[in-house]
Number of protein chains: 2
Amino acid sequence: MTTYEYPRAALTVDCVVFGVDEAGLQILLIQRGIAPFRGFWALPGGFVRIDETVEEATRRELREETAVERVHLEQFGIFDAIDRDPRERVISIASYGLVKLLDHRIKAATDAAKAAWFGADDLPRLAFDHAAIASAARKQLQSKVRSEPIGFELLPPKFKLTQLQRLYEAILDRPLDKRNFRKKVLALDLLEELEEVEEDVAHRAARLYRFDERKYRALTKGGFDFSL
Amino acid sequence: MTTYEYPRAALTVDCVVFGVDEAGLQILLIQRGIAPFRGFWALPGGFVRIDETVEEATRRELREETAVERVHLEQFGIFDAIDRDPRERVISIASYGLVKLLDHRIKAATDAAKAAWFGADDLPRLAFDHAAIASAARKQLQSKVRSEPIGFELLPPKFKLTQLQRLYEAILDRPLDKRNFRKKVLALDLLEELEEVEEDVAHRAARLYRFDERKYRALTKGGFDFSL
DNA sequence: CCAAAAGTGTTTCACTTACACCCATGA
DNA sequence: TCATGGGTGTAAGTGAAACACTTTTGG
């Protein structure tokens, strides 16, 4: 059991990094410099080293390839088709990541590896089976957002309810009723209403809110329903 | 990219096989014949070969170690702590499996490897991190059973509603109201009511039902709520 | 005063929950 | 006739969905 009868598959991680801006849900891609799929856009990712966990590998690859550092990660699937990589047998563990776009918009563009954001509905042709991975990630995000308040990971610390609503609309890909949305999200009692309001806008200033992680942790034991 | 800078982790699969009988939810374990953890009970599983998918590896290991053949499998997690295997770095992909206990009750006991069923609440001390894997599998099963009718995988083709209710009670680990359960499960319109009834029982004979996979497939696009 | 987004309640309908008794069968 | 599980309906409460106008601000 310390020697092996069989050759091993290689293990990689791939990560679908989501951000949201005015244009909706965005995904971070890198352009490959080497074959196969040279010149194609692809998900950031790479091989898992023997002395790191899967999450550590994912964070390391994101740092190296896209300079993304603060990111909420969730593993969501395994991609293991025998021929998904033409070079050799590679099994990939897929995660999605959520970042506050403003933090990362510029960094990604200035990193050595060519990285860029694309609209989630408007991805270029991707290397390997990355299109399938990205599509699975969106489905997973849609389903996860109903049972956990992960959406807040995508917003700045202070935000207005309209921003939050736009975020959920982008993720769920359907319009939500304003009054019902506010009623429900406030009823969860996870938001702290701040004194501050928006400034310098040509219309009524919006009240700002902050996600109250303390209240969330208190609620989280027992699970709850976040569906909208 | 065809040679590697870094040594590779080994990739394994582990499977939490669930069955249900009168005593409730059961889990299938094998007793280890070799070190480490010699003599301990463990989840069936083993190394993934280079020419098989993760699901194929899981099915192969189940066949080899427990003679379990017909099983509904779902991957649910990755166990990747650096030191989870004392021999070397091993990353494991965990699945749970659902079997009709009657099919497998005897086979498991007669296979070469020593295998046996244990009450899910009454597991022995397990090898490696298998206790954590089994516990995660139960949680996952509880949550999955709310969104998909996987419970039927655990029952014989023809069953009575009381059996189905006992099954859900075993999985969810709480009592359910008989009238509400029947109302809801019939309202889903996934069951075909058979002409046949139970026989040779010392009380009123129960009507038998069959899961209608056709109707399920029709409903499945759009997703639905199976919570009880 | 106009444009643009913020903010606010009520009604309807569907679903969930709680709850107790009679029925059929074999021993 | 008794013991055992099978089978049935209703009322009250909760949550989801639909829906339109007034407020505030800067230009």
Side-chain angles (χ1 to χ4, degrees), chain A residues 21-24 142 145-147 155-156 158-170 172-210 219 222-228, chain B residues 20-24 145-147 149 155-156 158-170 172 174-210 219 222-228:
Chain A
D21 67 7
E22 316 74 43
Q142 284 193 2
V145 92
R146 283 158 219 252
S147 57
L155 289 179
K158 299 173 185 180
F159 51 85
K160 45 185 183 162
L161 293 183
T162 313
Q163 280 178 290
L164 186 60
Q165 182 178 343
R166 296 284 167 268
L167 168 64
Y168 274 91
E169 288 175 336
L172 297 174
D173 200 23
R174 64 184 162 90
L176 299 171
D177 180 87
K178 181 159 64 157
R179 279 177 290 190
N180 292 338
F181 179 84
R182 289 165 173 253
K183 215 184 309 170
K184 181 140 188 179
V185 86
L186 291 175
L188 288 171
D189 196 32
L190 292 176
L191 297 187
E192 186 183 353
E193 184 174 330
L194 302 175
E195 295 307 313
E196 304 165 69
V197 292
E198 222 182 356
E199 280 171 8
D200 298 320
V201 286
H203 54 78
R204 179 169 171 179
R207 163 139 274 123
L208 295 177
Y209 291 81
R210 178 161 58 190
L219 265 184
F224 68 99
D225 180 20
F226 213 70
S227 35
L228 300 157
Chain B
V20 170
D21 67 7
E22 317 74 42
V145 91
R146 284 158 218 252
S147 57
L155 290 180
K158 298 173 185 180
F159 52 84
K160 46 186 184 161
L161 293 184
T162 313
Q163 281 178 290
L164 186 59
Q165 183 178 342
R166 296 284 168 269
L167 169 64
Y168 275 91
E169 289 175 336
L172 297 175
R174 63 184 164 91
L176 299 171
D177 179 89
K178 180 160 65 158
R179 279 179 288 192
N180 293 339
F181 180 84
R182 288 164 173 254
K183 213 184 311 169
K184 180 139 188 179
V185 87
L186 291 175
L188 289 171
D189 196 34
L190 293 176
L191 297 187
E192 186 183 352
E193 183 174 331
L194 302 175
E195 296 306 315
E196 304 166 69
V197 293
E198 222 181 354
E199 279 172 9
D200 299 320
V201 286
H203 53 78
R204 177 168 174 181
R207 165 138 272 126
L208 295 177
Y209 292 81
R210 179 161 56 190
L219 265 184
F224 68 100
D225 180 21
F226 213 70
S227 35
L228 300 157

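A, B, ... follow the sequence lines: proteins, then strands. Residue 1 opens every chain.
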Calculate, to the nearest 0.5 Å, the distance between atoms [atom1] and [atom2] belonging to [X] and [Y] respectively.
{"X": "B:Leu208", "Y": "B:Leu161", "atom1": "CG", "atom2": "CG", "value": "9.5 Å"}
{"X": "A:Arg207", "Y": "A:Glu193", "atom1": "CZ", "atom2": "CD", "value": "4.5 Å"}
{"X": "A:Gln165", "Y": "A:Leu172", "atom1": "CD", "atom2": "CG", "value": "11.0 Å"}
{"X": "B:Arg166", "Y": "B:Leu155", "atom1": "CZ", "atom2": "CG", "value": "12.5 Å"}
{"X": "B:Leu176", "Y": "B:Arg182", "atom1": "CG", "atom2": "CZ", "value": "12.5 Å"}

(request) Classify the nucleic acid contact of B:Arg182 as base, sugar-phosphate or nothing, counting any heavy atom under 4.0 Å across all strands shown. (result)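 It contacts base atoms.
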
Nearest-angstrom distance from the residue atom [atom1] of [X] to [atom2] of [N]:
{"X": "A:Tyr209", "N": "C:dA6", "atom1": "OH", "atom2": "P", "result": "12 Å"}
{"X": "B:Lys160", "N": "D:dT4", "atom1": "NZ", "atom2": "P", "result": "14 Å"}
{"X": "A:Leu186", "N": "D:dG15", "atom1": "CG", "atom2": "P", "result": "16 Å"}
{"X": "A:Leu228", "N": "D:dA18", "atom1": "CG", "atom2": "P", "result": "14 Å"}
{"X": "B:Gln165", "N": "D:dG5", "atom1": "CD", "atom2": "P", "result": "14 Å"}
{"X": "A:Phe226", "N": "D:dA16", "atom1": "CZ", "atom2": "C1'", "result": "16 Å"}
{"X": "B:Leu191", "N": "D:dG7", "atom1": "CG", "atom2": "P", "result": "13 Å"}
{"X": "A:Glu199", "N": "C:dA5", "atom1": "CD", "atom2": "P", "result": "19 Å"}

(message) Tell me whether the side-chain N/O atoms of B:Thr162 come closer than 4.0 Å to OP1 or OP2 in D:dG5.
(response) no

(message) Any heavy-atom pair between the side chains of A:Phe226 and A:Leu190 that's under 4.5 Å?
(response) yes

(request) Would you mind reporting whether B:Leu228 and B:Phe181 have side-chain heavy atoms less than 4.5 Å apart? (result) yes

(request) Can you check each nucleotide of nucleotides 19-27 of chain C against protein heavy atoms at under 4.0 Å and return B for base, S for sugar-phosphate only, - for none, in 5' to 3' order? (result) BB--BBBS-

(request) Select from B:Lys184 and A:Arg207 the residue whose nearest nucleotide in DNA chain C is closer to the 5' end of that strand. (result) A:Arg207

